[in-house]
Each structure stands twice: as structure tokens, then as C-alpha cells.
Visitor: 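Here it is, the structure, as C-alpha cells.
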Amino acid sequence: MQTDLLHNLNEEQLAAVTLPSQSALILAGAGSGKTRVLTTRIAWLIQTGQVSPAGIMAVTFTNKAAKEMLTRLSSMLPINTRGMWIGTFHGLCNRLLRTHYKDAALPQTFQILDSQDQLSLIKRMLKAANVDDEKYPAKALMYFINNAKEQGLRANRLEPNDPIERRMIELYELYEGQCQREGVVDFAELLLRSYELLARNGPLRHHYQMRFRHILVDEFQDTNDLQYNLLKLLAGHDEEGGGAIFAVGDDDQSIYAFRGANVGNMQAFEREFRVKNLIKLEQNYRSFGHILDSANYLIANNPKRLGKNLRTDAGQGEQVRVYEASSDLEEAQWIIEEAKSLMGEGVPRSEIAVLYRSNAQSRVIEHALFAAGIPYTVYGGLRYFQRAEVKHAIAYLQLMDNPHNDSAFLRVVNFPTRGIGARSIEQLQMAADSYGISLYAAVPYMTGKAGSVLGSFVKLIEGARFETQQLPLPELVRVVLERSTLLDYYQKEKEGAERIENLEQMVNAATQFVQEEGFGIAAPAHLGPPSLPQAGEAIVLDDGVEVLDGGAPLPSVMSPLSAFLTHASLEAGDAQAQAGQDAMQLMTVHSAKGLEFDAVFITGLEEGLFPHESSARELDGVDEERRLMYVAITRARRRLYMSFTQQRMLHGQTRFNMKSRFFDELPEESIKWLSPRVQTNWFAGRKSQTAWDDTEFRNGTDNRIAQQITQKSAAGNGAGWRVGETVAHAKFGEGVIVNIEGGAGAARAQINFGAAGMKVLDLSVAKLERVGR
DNA sequence: GCTTGCAGCCTTTTT
DNA sequence: GGCTGCAAGC
């Protein structure tokens, strides 16, 4: 088995896997065996004795990817992978901070806020500080804070440009204080704290630099600046004797710039680490020729690429089938017809995927599938650990582990109701504020009825904690579910059955967690898995304090409860649970990344939707949309469908979109148009247009901008102007009327002037001319 | 303290 | 169109 390690690799893959111990960049195209190269590289390094399992760190972006890597690795090598540093950025940072919590100035039981928690903490804070939430919306502040953190900036290092920003910075500072008091940490904080810990603590940094000789990074194009800097620190980039970084990525699949990912990190890495070996994996093992040609043609329209062309030995295969529907309903109907015939040809339902740009598009398709009685799964719904009832139960557990978590306190102090109203909480909040302590700690200062009711809540928590001290985690969870009366509460609810089920599922989740992480296994967990070199090596820090090396498995640094709570925040529980059911797959293009299917439908290929209208406003926005389209195309193995529609209901309005510009960027010979030449009588006065006849796109002034025409009954409105009509304005040039509002006489028109932007003009004042077409 | 109704929201997503 | 969050009313 082990000798076969390098057997089935192609030349490029082999070269990448067996590179010398230097930093390297692997440009891995879609379907080129990227994960395979990563895992084989790790196995090869270990097998050839270049490094021990403890000397490897491998970072991914999702838990799923990390799990996949671990599974494949253990099938390649007879080693116990538990305790190896393979995980997500956040997971590994958590591990580091748990081990060195004192040096990171965190309480031992610090808890992790997910985005929901973070937002509600900010809202609560803004309210308490009497901040005008019109002027400083919680979401905007959250965005501001996360953004700053992702650039490695604390409040005291930010320079305000205006009074608003000055206030934002103050609020950022206030937020940090609140988190510190509560002993909670948001996602970005996990990374920033880790970065600061290593940056400030020389011996600790040095220790990890010496330990991790090989750092492997998956999806490198998705790293943000903070992550990149953390990697630089760990690899000892500026210092002597640093380790090697093996970065794998694909600039063409960078689709997360909107959340801070910086593709530029790839070039920066190449430059800063003086990468000698840039290897391209261009052999594709997934798709047939016409599909790959389409992807290659399309992406060639992007400037600023590192450059790469996928090829296949599989032959041309079938052409890409394109369909123009008359409406979104009809588009859905067509998908079903085609899917049925695919199933008739023996394609399993789970091998048929329907992709769309935004979640809102799924509804119509779901309706149609439901009516047709075809089983389907929608990805991207509410995840297990985010469900309200589960969050409630988690909050009880959080309070037992860290009572100063105010968010958890507020969530359940009166749920199920126990007569603690808004007024009591207000008083409690005041007491807490005046002493600068948590709500929980402030309870003893309360008097009267409120005092006694709150007191009994505290007793409930303390009692549960005492009672469960010696119990294994799953038992503990069960006891808490009962003592909190959550189960009773939902038993009485009419619609509570599913919630009860979810709560009981928590006991199972705890059982599974304990098994997987090795809590409560007969052999003392702190000794680590047998095949791993002793990971709990002691490090002596500056202050003479000895700490364990962070490579120690979780059971030696955390209580089962703390660890379980961490797991709940870091791993939203992708328990889509419907596994086993053979169902068609519905998802956004974003969530399809990394997956593949025999047949793929890319739907809603319309200007304004895909590329999305908001992308026009962003720098290089359309390029990112094109990469998104590239990702979508390369999901398909054998058959690819694309569709667009003349008319679509979105946000309660009917929109008439042009077909996507991306169609113009595909190779003609790879495309097969399925729809007949449909006459599209959008509105009188406009030449009817054939769907795929490009001449109008190419010759028109710029019809691409003339999108999204909102249908309104324009008749009788504003001096006979019609929605959709092309007009000319002395200053703004040519534009298309997008909307008309107000009655006759006081009518205004919203007009898209393309380059000059969207304007609202008063029709009785503006001098407009009709442009005959 | 709970239910009801209305205004405002709406790109993509993981941790 | 449909969901969420908040305020008014019972």
C-alpha cells in the first residue's frame, strides 16, 4: 500500500508531491486532483522520514475539507491522525489558544461566538450605550469590526477619517471590552489573538516554528490578509530556519473576495517566499472536452490571471445544452423534464445538480420538483447548531461552563418563561454595569421579588453543574435538557415535535463527539495517540512558566463540555442528515465549489442575476462573477445545461432581464441551443428579439446595461413614456426607462443611463427624446 | 407576557 | 414574495 503511494500520479502531480523542502505554489485547476496531491504530499513526507506527523500542519477552509484530508491520509498511512495539526484556520487557532490561554489573556473556558451571537452582542451593546441605531446599524458595526480584525488592526491602531468613523472605533473598543468581560471570542478574534500571541511571544513562536517544518495550505486563493500573515509568522518567514509552505490554490476559483479573501496573496507568496517551484496541474480528470472548452474560453476573458488551461483525455463528449425559457416557472418545468429524461437514462438523482446564483431562486424550482414528486435536497438551509431550540440548550451548557457569558444568560434566563421580565433584566443590567461585572455575577445584588426569581435561576444552573460533575458528556447533556425544562416546554408546543427531535439529537451529537475526539477513552487521553510522537512536550516561556505544546490532543487541554461547546460553534453541524436519500441536489454556485456531478444545470443566466447587478459596482466585480461561472461549469462531468428566462419574479417584482453576457464568451461549437427561436415581445415599440441572436448585443449602443426592466402598468403614466423605452437625455446620453412612478402629471421615471448611472427624473421637467429602434 | 400586525430587508458563505 | 424584528394591544 505504502509503496504504491506515488503510483497513480501523473507527471505534474508527481512533481508537486515530491518537491524538495522549500516553499512551493501549486496552481491546481478544477478537477486536477488537488486534494490527492495534498494528502499524498503529507504521506510522502512522513513515509520518507523527512518529517514526523507532529511536524506537519495542514490548513483548510472548511471542516468538510479537513475531514476529507484526514480520511484519505489514514487510508494511505498506518498512522493515527488524531492529534495531528490538520484542520481549519479557526480550529487550529482555537487549539493554540486553548493551550496557551493564559498567555493569550483569555479565561480557560473562553467561548466562541458565531456570527449570530456576535450580532446580538453588538445589538445589546449598542442599546445599552444608547447609540442611535439608525446612524450606527449593528450590522455595519459588525462588518467594520470584522474587517479591522481581518487586517490585524485593534481599535487603538485605527485612524478615523471622520466623526462617524471616530465613533465606530470607540464602539469597536467598547465591544472588545465587553467580549473580554464575558470571556467570549468571535471568529476573527480567534485568528487575531493567535497572531498576536505568536507575534509577541518569542519563545512560543520559535517553538512552533521549529515544530512545524511543513505547512500545507489548501484553497490558498481564499486566504485573507490576517491568515496570510499568520502563516508567515508560523513559517518563520522573517526569521532564520523557518519551515516550508506548500500552498495549493486556483486563482480562477477565487470567489470569496467579498468576504475579505485576497487572491493577491498568491502573488505575494510567490514573491515573498521566493518560490522557485510553481507547478501547474492542468490535467483534468472530471469533465469532457466541450465542458472544459467552455470553461477555458470563458475564463480567458479575465485579465490578471496567473494563467492556466485545463485539458482532458476524455474526448469531447456532449455539447453544452442551452435553453431559453419564457419565465422562471417555465424554466423550472424544463429542468424537470430534462432531469426526468436523465433519470430515465439511469443517472442517479444525487448526480443531478441544479445551481443558481442566489438562494431566492430556489423556491420556484423547489415548487416544481415538489409538484412533480421528485425528491430533492437544498443546501444552505439553517444548520443544526443554529436552530433556536438547539441554541437554547447550548446556552444552558455555556452558562454552566462560563457563567459570565451574558449572551447565553439573556437567551435563556427567561426561556422557558419563569417570570423574569424586561424590568428585572434592566435592573440587573444596571447593577452589572455599575460593578463592571457579568449579569450572572450581579444576581446576588438584586433584592425583592426579582432578586429571588433570578436567584433561583442561578441555583438551577449551579445545581445542574454540581449534579453533572462526574457524568460523561452525553449524560450531562441529557440532564440539562431535562432540568432546563426545555423538553417539557416543547412537549406542550403544538409544533414542538421536530424541536424535541433536534434536542434529543444533541445527546447523540455529544456521544459521537466524545468518541471521535477521544474523551473518556480507557487509555489516558493526555498521553496522545500511540503512533504519534509525544505531543505534550513542555515549553518554558519567558516568565519561566512551563506550558504544554499545543499539539496535545484536546482532552488534555479542555474539559469535554468546553470542547463540545467549541465544536458546536466552530462546526455548525453540516448534518444535512438526509443522507441516504437519493435526491436531486439544489444549491448556490458558491456552495457547489469543490463538488462534482454527472449532470449540472446552471440556471438564471441573466444580466443582473448572473453576473449579479451588485457586481457592477465593485472593482473587478464582474471578474469575480466570471470566476463563479467558471466554478459552476467545471462542476459537471458529462452533461451541462444552462438556462435563462425572459421574465422572472424576484423580490415581488417581475423583471425582464437580458441573457447573460457569459453566453458570448463560450465557444460556439461547444454549445447546442435547445429552444426554438422565441419571439420576445417585451413591449411595444421595441424590436422583437431572438434569444440567441447576438447581433443586437454586439451592435447595440450597449444593451447589456439595459437590463432589469421592471414591469409596471405604464399606460397613461407620464406623458406616454413606457417602461423599457430607450430615451436620450442631453447630459446623460442614452438610457432605458426602468420604472415609472407617480400618476399622470407628477410622474417620475427611473432611467438607467448606463455609464452615467441610474437617475430618477421628473418627466414634466426633464427633456427626453425617444430613440427609435 | 404573549399575540398580532406592519415596516423594512433582500448577493454570495464559512468559521 | 416571504422572512425578521419591533411596537402596539390584549
Side-chain angles (χ1 to χ4, degrees), chain A residues 59-66 87-94 112-120 123 127 133-134 137-140 146 149-150 185-192 194 218-219 222-224 226-227 254-261 328 355-364 366-367 379-383 385-386 388 414-425 493 566-574 587-594 604 608-618 621-622 624-625 627-629 631-632 648-655:
Chain A
V59 201
T60 63
F61 276 82
T62 64
N63 292 301
K64 204 170 139 201
T88 62
F89 271 103
H90 295 85
L92 296 179
C93 285
N94 171 60
I112 299 165
L113 297 178
D114 64 23
S115 329
Q116 260 179 53
D117 301 333
Q118 188 188 17
L119 188 64
S120 64
K123 279 186 183 162
K127 213 168 205 172
D133 54 359
E134 300 259 298
K139 274 205 178 135
N146 290 342
K149 287 188 180 184
E150 272 158 22
V185 156
D186 60 50
F187 286 134
E189 185 72 24
L190 280 173
L191 303 185
L192 183 52
S194 300
D218 191 13
E219 308 277 14
D222 288 338
T223 51
N224 63 31
L226 182 54
Q227 287 159 340
S254 157
I255 54 173
Y256 287 111
F258 72 90
R259 66 172 197 218
D328 45 355
L355 310 184
Y356 34 79
R357 175 66 237 267
S358 69
N359 281 308
Q361 289 165 250
S362 77
R363 186 158 291 121
V364 178
E366 282 186 68
H367 269 296
Y379 280 78
L382 202 54
R383 292 187 161 71
F385 283 113
Q386 312 210 29
N414 197 34
F415 192 92
T417 357
R418 41 178 77 87
I420 300 169
R423 233 171 319 123
S424 308
I425 295 300
E493 281 269 287
T566 299
H567 168 80
S569 325
L570 285 183
E571 226 169 306
D574 48 6
M587 65 192 83
T588 63
V589 181
H590 280 92
S591 40
K593 190 174 166 197
L609 204 63
F610 200 176
H612 199 273
E613 52 200 333
S614 55
S615 70
R617 270 178 258 129
E618 282 151 34
V622 176
E624 177 143 325
E625 296 288 311
R627 290 192 292 269
L628 202 47
M629 180 68 182
V631 168
R648 173 181 303 279
M649 190 74 145
L650 205 66
H651 306 314
Q653 284 187 317
T654 305
R655 299 163 38 132

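No hydrogens, no waters, no symmetry mates; every other heavy atom, side chains included, goes into these values. Proteins come first, then strands; the chains are lettered A, B, ... in the order of their sequence lines, and each starts at number 1.
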Visitor: The side chain of A:Arg357 is closest to which nucleotide in this list: B:dC2, B:dT11, B:dT15?
Guide: B:dT11
Visitor: Does the side chain of A:Asn63 get closer than 4.0 angstrom to OP1 or OP2 of B:dT15 through an N or O atom?
Guide: yes
Visitor: Mind calculating the distance between OH (A:Tyr356) and C1' (B:dT13) to the nearest angstrom?
Guide: 13 Å
Visitor: DNA chain B: A:Ser358 or A:Thr88, which has the more 5' nearest nucleotide?
Guide: A:Ser358
Visitor: Once you apply a heavy-atom cut-off of 4.0 Å, does A:Ile420 come out as touching a base, just sugar-phosphate, or nothing?
Guide: sugar-phosphate
Visitor: Just the rounded figure in Å: distance from P of B:dC10 to NZ of A:Lys139.
Guide: 7 Å
Visitor: Is the phosphate of B:dT13 approached by A:Ser115 (side-chain N or O, under 4.0 Å from OP1 or OP2)?
Guide: no
Visitor: May I ask you to say what A:Ala188 touches in the nucleic acid, namely base, sugar-phosphate or nothing, with a heavy-atom cut-off under 4.0 Å?
Guide: nothing
Visitor: What are the bounds, 5' to 3', of the part of DNA chain C that sits under 4.0 Å from heavy atoms of chain A?
Guide: C:dG1 to C:dG2
Visitor: May I have the distance from A:Met629 (atom CE) to B:dT12 (atom P), rounded to whole angstrom?
Guide: 18 Å
Visitor: Are A:Arg383 and A:Glu571 close enough for a salt bridge, meaning some N to O gap below 4.0 Å?
Guide: no
Visitor: Atom OH of A:Tyr256 and atom C1' of B:dT13: how far apart are they, to the nearest Å?
Guide: 5 Å
Visitor: Would you mind checking if A:Arg357 and A:Glu625 are paired as a salt bridge, meaning a charged N to carboxylate O distance below 4.0 Å?
Guide: yes
Visitor: Will you find, in the side chains of A:Gln118 and A:Ser115, an N or O donor that is under 3.5 Å from an N or O acceptor?
Guide: no
Visitor: Rounded to whole Å, how long is the line connecting atom CZ of A:Phe61 with atom P of B:dT14?
Guide: 13 Å
Visitor: For a quick test of reading the model: is some side-chain N or O of A:Asn359 closer than 4.0 Å to OP1 or OP2 of B:dT13?
Guide: yes
Visitor: With a 4.0 Å cut-off on heavy atoms, is A:Arg363 in touch with a base, just the backbone sugar-phosphate, or nothing at all?
Guide: sugar-phosphate
Visitor: Do the side chains of A:Asp222 and A:Lys593 get close enough for a salt bridge, i.e. N-O under 4.0 angstrom?
Guide: yes
Visitor: Between A:Val589 and A:Gly421, name the one whose nearest nucleotide on DNA chain B is closer to the 5' end.
Guide: A:Gly421
Visitor: Quick one: classify the glycosidic conformation of B:dT12 as syn or anti, with syn meaning within 90° of 0.
Guide: anti
Visitor: I'd like to know whether the aromatic ring centres of A:His590 and A:Phe258 sit less than 6.0 Å apart in this structure.
Guide: yes
Visitor: For A:His612 and B:dT11, say yes or no: do the ring centres fall under 5.5 Å of each other while the ring planes differ by less than 30°?
Guide: yes
Visitor: Is any side-chain N or O of A:Ser614 closer than 4.0 Å to OP1 or OP2 of B:dT12?
Guide: no
Visitor: Once you apply a heavy-atom cut-off of 4.0 Å, does A:Asn414 come out as touching a base, just sugar-phosphate, or nothing?
Guide: sugar-phosphate
Visitor: Could you tell me whether A:Glu624 and A:Arg627 make a salt bridge, using a distance below 4.0 angstrom between a side-chain N and a carboxylate O?
Guide: yes
Visitor: Write down the distance between CD (A:Glu189) and P (B:dT14), rounded to a whole number of angstrom.
Guide: 23 Å
Visitor: Starting from P on B:dT15, measure out to CG on A:Asp114 and report it in whole angstrom.
Guide: 12 Å
Visitor: Taking only residues two or more places apart in sequence or in another chain, which ones pass ring-ring contact (aromatic ring centres under 6.0 Å, His included) with A:Tyr356?
Guide: none
Visitor: Answer with base, sugar-phosphate or nothing: what part of the nucleic acid does A:Glu618 contact at a heavy-atom distance below 4.0 Å?
Guide: base
Visitor: Atom NE2 of A:His651 to atom C1' of B:dT12: distance rounded to whole Å?
Guide: 12 Å
Visitor: So is the aromatic ring of A:Phe258 stacked onto the base of B:dT12, judging by whether the centres are under 5.5 Å apart and the planes are under 30° apart?
Guide: yes
Visitor: If you look at every heavy atom in A:Leu355 and A:Ala592, which pair is closest and at what distance?
Guide: CD2-CB, 3.8 Å
Visitor: Can a side-chain donor-acceptor contact be found between A:His612 and A:Ser614 if the only test is distance below 3.5 angstrom?
Guide: yes
Visitor: Within less than 4.0 Å of OP1 or OP2 of B:dT11, is there a side-chain N or O belonging to A:Arg259?
Guide: no
